[in-house]
Number of protein chains: 2
Amino acid sequence: MTSPTSSPGSPPRDRVTEHLVREAALTLFAQRGYHGTALRDIAAEVGIRTPSLYNHIESKQDLLRGIVLTTTEQVWSDFQAAVAGVNDVRERLRRAVVTYALRHAVHRREALIVNRDVESLEEPARSQVMALRRQHERAVREIIVEGAGAGVFGVSDPFLASFAILEMCVSVARWFDPAGPLSPEQVAAEHGVFALRLVGAPALPGTNRP
Amino acid sequence: MTSPTSSPGSPPRDRVTEHLVREAALTLFAQRGYHGTALRDIAAEVGIRTPSLYNHIESKQDLLRGIVLTTTEQVWSDFQAAVAGVNDVRERLRRAVVTYALRHAVHRREALIVNRDVESLEEPARSQVMALRRQHERAVREIIVEGAGAGVFGVSDPFLASFAILEMCVSVARWFDPAGPLSPEQVAAEHGVFALRLVGAPALPGTNRP
DNA sequence: CCTACCGATCGGTAGG
DNA sequence: CCTACCGATCGGTAGG
């Protein structure tokens, strides 16, 4: 692949791209946190000096905003796709949980940053993110409320149960090891089983392997 | 209460104490993270200037170390006290979970800091903390292994189940609201129920209120 | 407990 | 993409 254009005035294509910079930020923010990462570190990671970063990004805050907003939006669209057209309330809960857990195994860095550094996000992005998160939480809780109302789930407090289930999935990002014995899909499937058990639902066929 | 001693050379007792400083650090580290909190902020919180902090503490790192080490040691001793002399494996798991969840509801700030900023702890404290955490994790996992071996729990992967249960308790620190409708004890008890359901154990008497 | 001050580092800009 | 540099802020010390 060669440089596609060389219109007058535009600099020659360099090796470092915006994507590479955001990728480096993702890794370092996840490891050390937003405030624990210096732009100097990110620059070094991609082999340039700090000021050159500004050819690719607007600011350090811009890096955080991109990661957190994109991830939060994807959580919501993932959820909608997962439960769309599914009528059985057990299966709807299972799919919501499997999707959410899968994301936290596959996109560990993004998840860690969203949960650790959302407080460092400036307004108005922070409020947008919080609203989207609450929307997702409410939607999952409503599945539990519906299942409890129908007598399919035995749950005394849907708030408690939904937080426990959601946060159990979130924590996958903290301990999941891609080099470990289980695939993201296996971990996600097992969390679907855990969630149904937790709400006291009768097991779905084929979900309990001894 | 008056100043108890005034031995020659010792300065008069001031209003600011080491405890007050550590209390302020606890609140601010929990809110903004270790790297997001300046000593200046902590000093302002207790109404003094930054250099005066050093009459009470050794360094910023010393504040973090105190919080994280103490908390981690208490988790371990809590656990030992909770399961001591309990033979039934279901009851042992339930007590371990209730104790752990209760701590995360009552000591929210400490828990948030341990989980967010342990990476900022310098050696050798960091390794000490990690070892203690692994010890606790292993002990909980062994309860699950024992229950599974005895056929009381139906669990395909004790690692997965123990992480899910433990992290569900950890997350209590993130959403628990002391002003909310549930007491720490109620939340903790409910997590005991969740844990037993999650491992597929038959319910203990009186643990399921509709 | 304070003021004065230290070197180091931060995110970011000027200018090429 | 770079060097040179900015003001602000950091944790911490000197000295009283």
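Note on naming: letters A, B, ... go to the chains in the order of the sequence lines (proteins, then strands), and numbering restarts at 1 for each one.
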Problem - Minimum-distance nucleotide to A/Pro51 side chain [options: C/dG11, D/dA4, D/dT13] - result: D/dA4
Problem - Nearest-neighbour nucleotide for the A/Val16 side chain, D/dC1, D/dG12, D/dC2 considered - result: D/dC1
Practice task
Could you work out which one of C/dG11, C/dC1, D/dC1 sits closest to the side chain of B/Ser52?
Solution key: C/dC1
Problem - B/Thr72: which of B/Val75, B/Leu69, B/Val68 passes side-chain contact (heavy atoms from CB on, under 4.5 Å) - result: B/Val68
Exercise for the section: Determine which nucleotide pairs with C/dG16, using a 3.5 Å limit on both distances of a Watson-Crick or G-U wobble pair. Expected result: D/dC1
Practice task
Counting heavy atoms from C-beta on, name the nucleotide in D/dG12, D/dC10, C/dC1 closest to the side chain of B/Ser59.
Solution key: D/dG12
Problem - Options D/dC1, C/dC2, D/dG11, nucleotide nearest the side-chain atoms of B/Leu39 - result: D/dG11
Exercise for the section: Can you figure out which of D/dG12, C/dG12, C/dC1 approaches the side chain of A/Thr50 most closely? Expected result: C/dG12
Exercise for the section: Could you tell me whether the phosphate oxygens of D/dT3, OP1 or OP2, come under 4.0 Å of any side-chain nitrogen or oxygen in A/Arg49? Expected result: yes
Handout entry: Derivation of the side chain to side chain contact (heavy atoms under 4.5 Å, CB included) call for B/Ile42 and B/Phe29
Key = CA-CA 9 Å; B/Ile42 298 174; B/Phe29 286 173; 4.0 Å; yes
Handout entry: Backbone N/O of B/Phe176 and side chain of B/Arg108: donor-acceptor pair under 3.5 Å
Key = yes
Problem - A/His56 vs D/dC1: side-chain N/O to OP1/OP2 distance below 4.0 Å - result: yes
